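Quick notes on the structure that follows.
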Amino acid sequence: MSSSQELSNIFKVPDLQNRIFLTLALLAVYRVGVHVPTAGINTQELARFIEQASQGTLLGMFDMFSGGGLSQLTIFTLGIMPYISASIILQLLTVVWPYLERLSKEGDHGRKKITQYTRYGTVILSAIQALGIAIGLEQMNGGAFVNDPGWWFRFVTVLTLTSGTAFIMWLGEQITERGVGNGISLIITVSIISGVPSALLISFDQLRTGAMKPWVILFVTVVTLALTALIVVMQLGQRKIPVHYAKRVVGRKMYGGQQTHIPLRINTAGVIPVIFSSSLILFPLTIAKFMNPQGIPFVEWLVNNLDPASHSPLYYLVYIGTTVFFCFFYTAIIFNPVDVADNMKKYGGFVPGIRPGKKTANYIDRVLTRITVVGSAFL
């Protein structure tokens with residue numbers, strides 16, 4: 001069956017049709033909310049300031065992940081970032097907190113409890129960030145961004161932004177359960193690509209005026225397609241460790257005797273290490289730029305060397321180093337070779353030529369370390 005036939009058959013399955021239309025409708029709701037401003041804000045002044053201050057700071061990253069919501073301080077300004085942060089915090093706590101570790105091993109019930117805690121964490125982080133934004137807007141630029149500063153404005157801002165993030169979280173969960181694909185990932189994708197049309201219009205305008213040559217656009221298009229293909233290949237790439245299960249008799253039935261494999265992804269950590277490393281670098285840089293670095297030698301040095309626009313060797317060294325570190329760190333958190341080896345041993349599974357138990361765990365760990373080197377280099 002050809003790809004065109006498979007694509008046409010998608011719309012012949014009623015359930016799949018409903019899932020696709022629901023996903024598109026919920027994503028459309030999200031995009032509408034990105035353009036609804038928060039009450040009490042001078043949006044023109046704020047948009048002008050964000051445009052100037054977002055280059056090479058966390059403001060630019062937040063504006064990208066919120067689909068442009070930060071520049072207008074819309075009800076979806078915080079975007080899905082608090083949810084991502086809460087999820088990462090819960091995953092980190094799972095390693096060091098025995099209670100969460102037990103929950104993670106309790107199957108569906110444990111996952112539901114951790115998801116519930118993630119929701120609570122999202123609301124708490126959103127409220128804290130929203131209060132910080134409200135107070136910061138009142139104090140920045142002589143209060144030109146706020147029409148009527150005070151605790152009422154802070155309360156309304158916290159309530160609005162927190163509710164907006166909670167609603168986005170709900171949209172993502174509805175897409176995951178009743179739509180197509182992972183809802184949170186789709187919301188992030190839509191937020192990022194929302195800036196593509198304006199970028200294309202600017203490029204075509206530069207092409208029309210002669211500011212950009214046709215071969216430049218052709219080159220960028222080819223490189224973009226090649227990089228997209230490479231990303232797909234690397235994301236789908238796996239190292240399969242063969243696993244055999246010994247035959248065993250239980251009553252009158254025989255179990256086992258099967259051959260399967262453990263799929264180890266080349267890039268187990270996904271894009272999380274890049275987000276971590278970018279945030280870690282841009283956080284002190286954002287604070288430094290708000291401090292007005294002129295006249296403070298260390299702050300000037302920090303801005304000059306950690307600003308992505310400076311193309312400083314130190315910036316690339318720190319960026320690459322933190323990305324590699326978080327790639328190994330996050331992979332170690334979400335994949336435990338010891339647990340995998342113990343589960344295999346419990347059900348009579350073994351890797352050919354490797355003793356069950358500790359030897360198997362060490363073997364899986366070595367393989368995972370080698371492919372993570374490739375994955376971190378790719379990131």
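Keep in mind it's a predicted model, so treat the numbers as computed, not measured.
Connection of V220 to I217 is established within a shared hydrophobic cluster, with ILVMFWY side chains joined at heavy-atom distances below 4.5 Å, either directly or through further cluster members. Note on Y347 and M344: same hydrophobic cluster, where clusters join Ile, Leu, Val, Met, Phe, Trp and Tyr whose side-chain heavy atoms are under 4.5 Å apart, directly or indirectly. When hydrophobic clusters are built by joining Ile, Leu, Val, Met, Phe, Trp and Tyr residues whose side-chain heavy atoms come closer than 4.5 Å, directly or via intermediates, I320 is not grouped with V271. No chain of hydrophobic side-chain contacts below 4.5 Å, direct or via other Ile, Leu, Val, Met, Phe, Trp or Tyr residues, connects I333 to V338. By the rule that hydrophobic residues join a cluster once side-chain heavy atoms approach within less than 4.5 Å of another member, I84 and W170 end up as members of one cluster.
With values rounded to the nearest 0.5 angstrom, T157 atom OG1 is found 13.0 Å from I75 atom CD1. Rounding to the nearest 0.5 angstrom, the gap separating the CZ atom in R154 from the CD1 atom in I135 is 5.0 Å. Distance check, rounded to the nearest 0.5 Å: CE of M169 to OG1 of T122 gives 5.0 Å. Atom CG of N267 sits about 6.0 Å away from atom CZ of F378, to the nearest 0.5 Å. The CZ atom of R178 sits 12.5 Å away from atom CG of N18, with the distance rounded to the nearest 0.5 Å. The CD1 atom of I262 sits 13.0 Å away from atom NZ of K240, with the distance rounded to the nearest 0.5 Å.
The minimum heavy-atom distance between Q238 and P263, with the atom names listed, is OE1-CB, 3.5 Å. The two residues T118 and S87 come nearest to each other via the heavy atoms CG2-OG, 3.4 Å. When all heavy atoms are compared, the tightest approach of T23 to V180 is OG1-N, 2.8 Å. Across every non-hydrogen atom of S126 and T165, the tightest pair is OG-CG2, 3.3 Å. Residues R119 and E173 share a closest heavy-atom pair of NE-OE2, 2.9 Å. Minimum heavy-atom separation, R31 to V190: CD-CG1, 3.5 Å.
Contact annotation: the side chain of P214 never approaches that of L218 to less than 4.5 Å [non-hydrogen atoms, C-beta and beyond]. In this structure, T360 and F350 have side chains that are not in contact, with every pair of non-hydrogen atoms separated by 4.5 Å or more. The shortest side-chain heavy-atom distance between I168 and L78 does not fall under the 4.5 Å cut-off. The shortest side-chain heavy-atom distance between V36 and F76 does not fall under the 4.5 Å cut-off. Counting only heavy atoms from C-beta outward, the side chains of I114 and R111 never approach each other to under 4.5 Å. Considering only heavy atoms from C-beta on, V367 comes within 4.5 Å of R239 through its side chain.
Note on D205 versus R208: salt bridge recorded, some NZ/NE/NH1/NH2 to OD/OE distance being below 4.0 Å. Comment: D342 does not engage K346 in a salt bridge, judged by the lack of any side-chain N to carboxylate O separation of less than 4.0 angstrom.
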Criterion side-chain contact (heavy atoms from CB on, under 4.5 Å) on F276 and T322, from CA distance to verdict: CA-CA 8 Å; F276 264 35; T322 51; over 6 Å; no
Test side-chain contact (heavy atoms from CB on, under 4.5 Å) applied to F326 and L379, step by step: CA-CA 11 Å; F326 283 122; L379 287 178; over 6 Å; no
Stepwise side-chain contact (heavy atoms from CB on, under 4.5 Å) test for L125 and I89: CA-CA 11 Å; L125 289 178; I89 291 172; 4.2 Å; yes
Step-by-step side-chain contact (heavy atoms from CB on, under 4.5 Å) determination, L368 to I371: CA-CA 5 Å; L368 186 63; I371 64 175; 4.1 Å; yes
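Formation of a donor-acceptor pair under 3.5 Å by the N343 side chain with backbone atoms of D339 is found in this model. Judged purely by atom type and a 3.5 angstrom limit, T94 has no side-chain atom pairing as donor or acceptor with the backbone of E101. The backbone N or O of V324 sits nowhere less than 3.5 Å from a side-chain atom of S376 that would complete a donor-acceptor pair.
Between Y120 and Y117, the ring planes lie tilted relative to each other; the angle falls in the 30° to 60° range.
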